[in-house]
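Only one structure is covered here, and it is reproduced in the block below.
Index from 1, following the sequence.
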Amino acid sequence: MMKNLRVLWLVQLVCAVLLLVVLLSSLLQNTARSIAQVNVLHQQVIKQLLSQFSGEDYQALVQQIRSSLNPQQLQLKTAAGKIVHEHNTATVLHSSAEQLQATFGYQRDNAPINSADNQLSIVFKANLDEQDSHFVTQFWLTLLLPLFLVILPLCLVPVRQKSEQKQMSRQIAGALDQIVSTDSKTQPEIQLPDTFEQTRLTLLKVADFHQKRQAELLKSAQQLTEDAAKDTVTGLPNRNRFVQFYEETLRDTKHVDFGIFAITRCTELQNINQSRGYHEGDKYIIAVSELIQRAVAGYRDFKVFRLNSSDFGIILPRITAKEAENFGAQLQSRLSEYQKLAELDSVAYTGMVNYATGKVLGELLAIADTAISLAQTRQSNGWHLVKDDGSAEQNALGFGNQNWRHVIDDVLENNKINLLVQLIQPASRTAKTYSEVLVRFYSEEDQLLPTASFLAMAEKLDKIIEVDRLIVETALSTIKNKNLQDQYFGLNLSSRCIHDDHFLIWLERRLLKDATIASRLVFEVSEYGMQQNLKTSKRFIDMLHRNGARLTVEKFGTGMTSFKFFRDIKPDFIKMDGSYTRHIDDDKNNQYFIRLMVDLAHRIGVGVFAESVETQEEKQMLESLFIDGTQGYYIGKPQPI
């Protein structure tokens, strides 16, 4: 009997050890898989932040990493081996979990991540306190249960032996009594009790409990992953989820796809946070989020993400450029309505770009970001679509900020610009017009750069004032050197310049230096730029008039112009936006609007020009509406000055 018990106990011990090995292996595999998923997401985010990192503002990069990921360990090291930042918030629990996992052969990956130019290396460990806590708890539970199942039977063996002996004695005595009193054929079978049945059932219960617990932990881990990929303010998927979605879906060249990717930037967030409080800032973000989701509701398979505090990412699969333009116009209309209700200067700007399967994410983000800069130079809540047609604009927009900074600095240092002129043809002998000076920029390799992209990036990188100074200086020198003082020329200025006190002081001194040329200059500023600050705009016009120069408000009609603005600013000329002049011979509404503007302008002594005139029919119709001058490729193409 004792021999059988020992054999059964040894069998139970072997089963317990095997169960322990299986459970520990499963626990390690699940933990490793969970840690690997977290590490992959963190690496993707850090690589994306590195791709956008410029200069040596390491503290800003550290703040972005810590605010986005809250790593347990973070070290930034330059190519020269200098450690520019290091911190470690590992806990005792974290260290215990690492030691336990290392004991069983699992080492956590801590490989450095290098920037594209290998000038910066980042070593980090993700914040895995929750995973470590689950691991340590499950480890000890997994270790103790099988041991408990082995030790418990040893304690119960003496008690069970005594009970079994008594039971068997009673059964033997009863059997002997039956042998004495009856025939041997009538003897009953003596059934020995199954002493390990209860142990087997307990093992099954433990295994079932462990499986349920593992399922609960897996479900909890999945919920944590979902929560980590969700923005707390809007409930939209966040940047981590966007990167994961893009890498899993749009980088997979096995399934060809195309569409439009857009970034909508909430430009008023910082001002609202400072002037009205962060609660109002959250309400503003939620409102823009809802407006975007309403605008995309009519498109199939759309995706909306909150990429950072002020940017929303939008993916519209399988739509054409024309549909994208309709989307941009619809979103702009919704944002403008909200702008009136919220009493804001603007709400948000949108940059759009075509995408196709396999396109690098960093390049896509860079192009969309620059498209926002282009949209901001046009009209309130505007948008700009970059078409992926292999054009110079598309290629140039793919530059990163560092590349653009280098290109702009090279243009400024080496005066790599060329001036052209395009005539504004007078509609009558008494009309006063001029030739607009156009600028072309060239790279180090003397390649022509896209003008709109160059100016947008110059404004984004805070170089636009230097660029405008170079243009004005070059134009004045060219007019003087070529003895063109008897002609009138128009020079474009950015809205940033006319509201900058230092630039205005410099410009006035420069005009005083060449007073004869100054009286022949007409400065062009967009209507949107003039409306940004009426007080400084009026001061700018007064300065021009003091020095004999004039002003043209270009892109007229794209903003929310009031008659009061028209009367108070009182420019010398206005230039109607090209959207009103195209096909005006067939558009009764535009004909009526321009006739009304011409009548109002002439009443207060302001000349009216029309740009983008491409056909004879357009020219004739505009002249019949008493326009003062026309400009466009039909009138004359840009020529060297």
Measuring only between side-chain heavy atoms, which start at C-beta, is [X] closer than 4.5 Å to [Y]?
X	Y	answer
Leu476	Arg510	yes
Arg550	Leu521	no
Phe540	His499	no
Tyr349	Leu335	no
Trp506	Val472	yes
Arg318	Arg300	no
Arg306	Pro237	no
Lys303	Ile314	no

Between the side chain of [X] and the main-chain N/O of [Y], is any donor-acceptor distance below 3.5 Å?
X	Y	value
Thr249	Phe245	yes
Asn238	Asn308	no
Asn381	Ala348	yes
His384	Val353	no
Tyr528	Phe556	no
Thr474	Ile471	no

Please report the shortest heavy-atom distance between [X] and [Y], naming the atom on each side.
X	Y	answer
Thr267	Tyr284	N-OH, 3.6 Å
Tyr299	Asn326	OH-C, 4.5 Å
Phe327	Ala295	CE1-CB, 3.8 Å
Thr320	Ile260	O-CG1, 4.4 Å
Gly351	Ala371	CA-CB, 3.6 Å
Leu534	Met530	CD2-O, 3.8 Å

* To do: Go through the steps for Val467 and Phe441 under the test side-chain contact (heavy atoms from CB on, under 4.5 Å), then give the verdict.
  => CA-CA 10 Å; Val467 171; Phe441 304 94; 4.1 Å; yes

Under a 4.0 Å threshold between the charged nitrogen and the carboxylate oxygen, would [Y] count as salt-bridged to [X]?
X	Y	answer
Asp311	Arg239	no
Asp231	Arg241	no
Asp500	Arg496	no
Asp409	Lys463	yes
Glu473	Arg469	no
Glu280	Lys283	yes

Mind checking whether [X] and [Y] have ring centres under 6.0 Å apart?
X	Y	answer
Phe261	Tyr355	no
Tyr580	Phe593	yes
Phe573	Phe523	no

* **Residues in side chain to side chain contact (heavy atoms under 4.5 Å, CB included) contact with Ala287, at least two apart in sequence or another chain** =>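 Counting only residues at least two positions away or on another chain, Ala287 forms a side chain to side chain contact (heavy atoms under 4.5 Å, CB included) with Tyr338.
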
Drop me the distance from [X]'s [atom1] to [Y]'s [atom2], to the nearest 0.5 angstrom.
X	Y	atom1	atom2	answer
Glu290	Thr234	CD	OG1	10.0 Å
Asp572	His545	CG	NE2	3.5 Å
Arg509	Asn547	CZ	CG	12.5 Å
Ile263	Leu307	CD1	CG	6.0 Å
Leu364	Asn354	CG	CG	9.5 Å
Thr350	Phe312	OG1	CZ	11.0 Å

* To do: Determine, stepwise, if the pair Lys416 / Glu444 fulfils salt bridge (Lys or Arg N to Asp or Glu O under 4.0 Å).
  => CA-CA 8 Å; Lys416 307 199 73 170; Glu444 287 179 300; over 6 Å; no

* **Verdict with supporting geometry, Glu611 and Asp577, side-chain contact (heavy atoms from CB on, under 4.5 Å)** => CA-CA 7 Å; Glu611 64 179 1; Asp577 185 69; 4.0 Å; yes

* To do: Apply the test side-chain contact (heavy atoms from CB on, under 4.5 Å) to residues Leu493 and Glu524: give CA-CA distance (whole Å), side-chain angles for both, the deciding distance (0.1 Å), then the verdict.
  => CA-CA 6 Å; Leu493 290 180; Glu524 293 193 5; over 6 Å; no

* To do: Quick one: do Arg539 and Asp501 satisfy salt bridge (Lys or Arg N to Asp or Glu O under 4.0 Å)? Show the steps, please.
  => CA-CA 10 Å; Arg539 191 168 66 218; Asp501 292 336; 2.8 Å; yes

* Taking it one step at a time, do Val553 and Lys575 satisfy side-chain contact (heavy atoms from CB on, under 4.5 Å)? -> CA-CA 6 Å; Val553 177; Lys575 186 185 287 186; over 6 Å; no

* Asked: Do we see a donor-acceptor contact under 3.5 Å between the side chains of Glu268 and Ser346?
  ->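 Indeed, the side chains of Glu268 and Ser346 share at least one donor-acceptor pair under 3.5 Å.
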
* Asked: Will you find, in the side chains of Gln332 and Ser336, an N or O donor that is under 3.5 Å from an N or O acceptor?
  -> no

